[in-house]
Colleague: 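What follows is a single structure, and I will ask about it in a moment.
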Amino acid sequence: MLYECSSGLLGNGHHLHGISTISFQAWLSQSKRSKDYALPNSSWSQDMMDLYSRFLEMCKDGTWKRIPSYSDTADHVPGKACVHLESLKLANEKERKGTRFFPRNLDTEGVGFEYAMFLNPSEKRMVCLFQPGPYLEGHRGFAHGGSTATIIDSTVGGCAIFVAGRVMTANLSINYRNPIPLGSVVLVDSKVDQIEGRKVFLSCHVRSIDGQTLHAEATALFIQLNSTKSLQQQVSSQ
Ligand SMILES: CCCCCCCCCCCCCCCC(=O)SCCNC(=O)CCNC(=O)[C@H](O)C(C)(C)COP(=O)(O)OP(=O)(O)OC[C@H]1O[C@@H](n2cnc3c(N)ncnc32)[C@H](O)[C@@H]1OP(=O)(O)O
C-alpha cells in the first residue's frame, strides 16, 4: 500500500503538502529504532560543532527543525511518503536488506558524508551543515564534485519532499566556483523557489561558514510522483 499524500497544516498555517502533519511531527519527535546519523560524533570539527549548536539554538522557538537521518531511506522520510516505499516493490525483501541510503553508507565516523540538516518550514528552506571526509576525495585534498552533487541533491531533495512528498530529481544543474577542502565545513543552503503543478523548482548555494567563499551554486527541478502511478509505471511509461 503506497502512503497516500495528503496536505496538512504545519504550525502557523503553512501547508505541508504531500506529508500529513501528524506523520511529520510524529516522525520528528519519535525515537527511531535505527541510529540517527545527524547527531554530533567525535569526528566533527569544532567548526561543525559550533555551527550545529547555533542551529540547535534557533530550533528553540520552532523556526528551525533538526532533521534526523538514517541509513535506511524508508526510515528517514516522514510517513515514508516517498518513492522508496514503491521501490521496495521493485526489490524483494532480501535485496532491500542490503541497501543503504547512499550518503549514509559508511559506518566509520568522519570518513564520508558528515552532515546535519535543518528545515525552516515557513521559508521552505533546508540547510545542511556538511563536513566532507577523506573518502570523498576528488582532486588531492578536495571533495569530489560528485560528493558535492550528492549533498546538494539530498538537501534540495529534503526540501522538495517537505513541500511535495514523493518526489524524484528531474534536473540538477551545478556551477562549481571554488573547490571544497576535505575536512572543512560548508553550509548548503537551499530553498523552494516555485511550485508549478507537480514541478518543484529549487535553488541552492554552498558557502564556507564565514560566508566569504562561494563553493557551488545549483538549481534543481523535482517532480512530485503521480500518486496514482507507481514508480515502476512512472519509469516504464517514459
Ligand atoms: C520534511 C522532509 C524531510 C525529509 C528529510 C530527508 C533528507 C534526505 C532527503 C533525501 C532526498 C533524496 C534525494 C535524492 C533524489 C534522487 O536521487 S531521485 C533519483 C534521480 N532521479 C531519477 O532517477 C528520475 C528519473 N526520471 C523519472 O523518473 C521521470 O522522468 C520523472 C522525473 C518521475 C518525471 O516523469 P513523470 O512523472 O512521467 O512526469 P513527466 O510527465 O515526464 O514530467 C512532468 C513535467 O515535468 C517536466 N519535466 C520532467 N523532467 C524534466 C526535466 N528534466 N527538465 C525539465 N522539465 C522536466 C515535463 O516537461 C512535464 O512538464 P509539463 O508538461 O507538465 O509542463
Side-chain angles (χ1 to χ4, degrees), residues 37-38 40 43-52 54-55 58 64-67 69 73 76-77 82 100-106 109-120 123-164 167-195 199-223:
Y37 284 77
S43 75
W44 285 21
S45 66
Q46 192 56 51
D47 280 347
M48 186 74 169
M49 285 303 300
D50 294 347
L51 194 57
Y52 180 79
R54 223 164 78 205
F55 272 95
M58 295 192 287
W64 289 87
K65 298 188 181 301
R66 188 189 74 86
I67 301 296
S69 176
T73 309
H76 79 227
V77 179
C82 115
R100 296 281 295 259
F101 181 54
F102 175 44
R104 297 297 186 196
N105 67 357
L106 293 169
E109 292 175 347
V111 295
F113 292 90
E114 283 298 341
Y115 68 92
M117 289 192 195
F118 291 85
L119 175 75
N120 183 320
E123 294 179 9
K124 296 193 183 74
R125 184 177 162 205
M126 182 80 87
V127 300
C128 178
L129 292 49
F130 175 42
Q131 177 187 294
Y135 286 9
L136 302 185
E137 187 171 62
H139 278 282
R140 179 63 77 214
F142 293 102
H144 189 291
S147 69
T148 306
T150 297
I151 204 69
I152 290 173
D153 196 18
S154 297
T155 307
V156 293
C159 214
I161 288 172
F162 171 60
V163 297
V167 294
M168 285 194 100
T169 316
N171 181 279
L172 182 61
S173 171
I174 302 172
N175 287 310
Y176 293 89
R177 301 292 187 205
N178 285 284
I180 301 174
L182 291 176
S184 69
V185 179
V186 294
L187 191 66
V188 185
D189 193 343
S190 73
K191 64 182 177 65
V192 173
D193 292 321
Q194 198 172 340
I195 300 176
K199 296 186 279 190
V200 183
F201 296 91
L202 304 105
S203 54
C204 179
H205 292 90
V206 182
R207 286 193 176 85
S208 56
I209 51 176
D210 63 7
Q212 296 309 303
T213 305
L214 175 65
H215 289 290
E217 50 195 337
T219 56
L221 168 63
F222 279 75
I223 306 294

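If you read the sequence from its start, that first residue is 1, and numbering goes on from there. Computed from a predicted model, the values in this text were never measured in an experiment.
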Colleague: Tell me the side chain to side chain donor-acceptor pair (under 3.5 Å) pairs involving residues 202-212, sequence neighbours left out?
Modeller: D193-S203, S208-D210
Colleague: In sequence, state the C-alpha distance, the side-chain angles, and the governing distance for V185 and S45, and then conclude on side-chain contact (heavy atoms from CB on, under 4.5 Å).
Modeller: CA-CA 8 Å; V185 179; S45 66; 3.4 Å; yes
Colleague: Check the pair E114 / W44 against side chain to side chain donor-acceptor pair (under 3.5 Å), numbers first and verdict last.
Modeller: CA-CA 8 Å; E114 283 298 341; W44 285 21; 2.9 Å; yes
Colleague: Going through the checks in order, is the ring pair (Phe, Tyr, Trp, His ring centres under 6.0 Å) test met by F118 and Y52?
Modeller: CA-CA 9 Å; F118 291 85; Y52 180 79; 5.7 Å; yes
Colleague: Within this structure, what is the CD-NZ distance for the pair Q194 and K199, rounded to the nearest 0.5 Å?
Modeller: 9.0 Å
Colleague: Distance from L136 atom CG to T148 atom OG1, nearest 0.5 Å?
Modeller: 8.5 Å
Colleague: Give the intermediate values and the outcome of side-chain contact (heavy atoms from CB on, under 4.5 Å) for residues I152 and V206.
Modeller: CA-CA 8 Å; I152 290 173; V206 182; 3.9 Å; yes
Colleague: Kindly state each residue pair satisfying ring-ring contact (aromatic ring centres under 6.0 Å, His included) with at least one member in residues 136-157, sequence neighbours excluded.
Modeller: none
Colleague: Would you call the rings of F113 and F130 parallel, tilted or perpendicular, taking 30° and 60° as the class edges?
Modeller: parallel
Colleague: Can a donor-acceptor pair be found, under 3.5 Å and without considering hydrogens, that links the side chain of R66 to the backbone of A38?
Modeller: yes
Colleague: Nearest 0.5 Å, what's the OG1-CG distance between T219 and L172?
Modeller: 7.5 Å
Colleague: Is it true that the NZ or CZ of R104 lies under 6.0 Å from the centre of Y115's six-membered ring and within 45 degrees of the ring axis?
Modeller: yes
Colleague: Hey, is the main chain of A143 close enough, under 3.5 Å, to the side chain of S147 for a donor-acceptor pair?
Modeller: no
Colleague: Between F201 and F222, does the ring centroid distance fall short of 6.0 Å?
Modeller: no
Colleague: Working to the nearest 0.5 angstrom, can you tell me the gap between M126 CE and C204 SG?
Modeller: 11.0 Å
Colleague: Might you point out which heavy atoms bring I174 and A216 nearest each other, and give the distance in Å?
Modeller: CG2-CB, 4.2 Å
Colleague: Output, in order, the C-alpha distance, side-chain angles, deciding distance and verdict of side-chain contact (heavy atoms from CB on, under 4.5 Å) for V188 and V127.
Modeller: CA-CA 5 Å; V188 185; V127 300; over 6 Å; no
Colleague: Applying side-chain contact (heavy atoms from CB on, under 4.5 Å) to W64 and R125, what does each step give before you reach the verdict?
Modeller: CA-CA 9 Å; W64 289 87; R125 184 177 162 205; 3.8 Å; yes
Colleague: Under the side chain to side chain donor-acceptor pair (under 3.5 Å) definition, can you give me all pairs with a residue in residues 170-185, not counting sequence neighbours?
Modeller: R177-E217
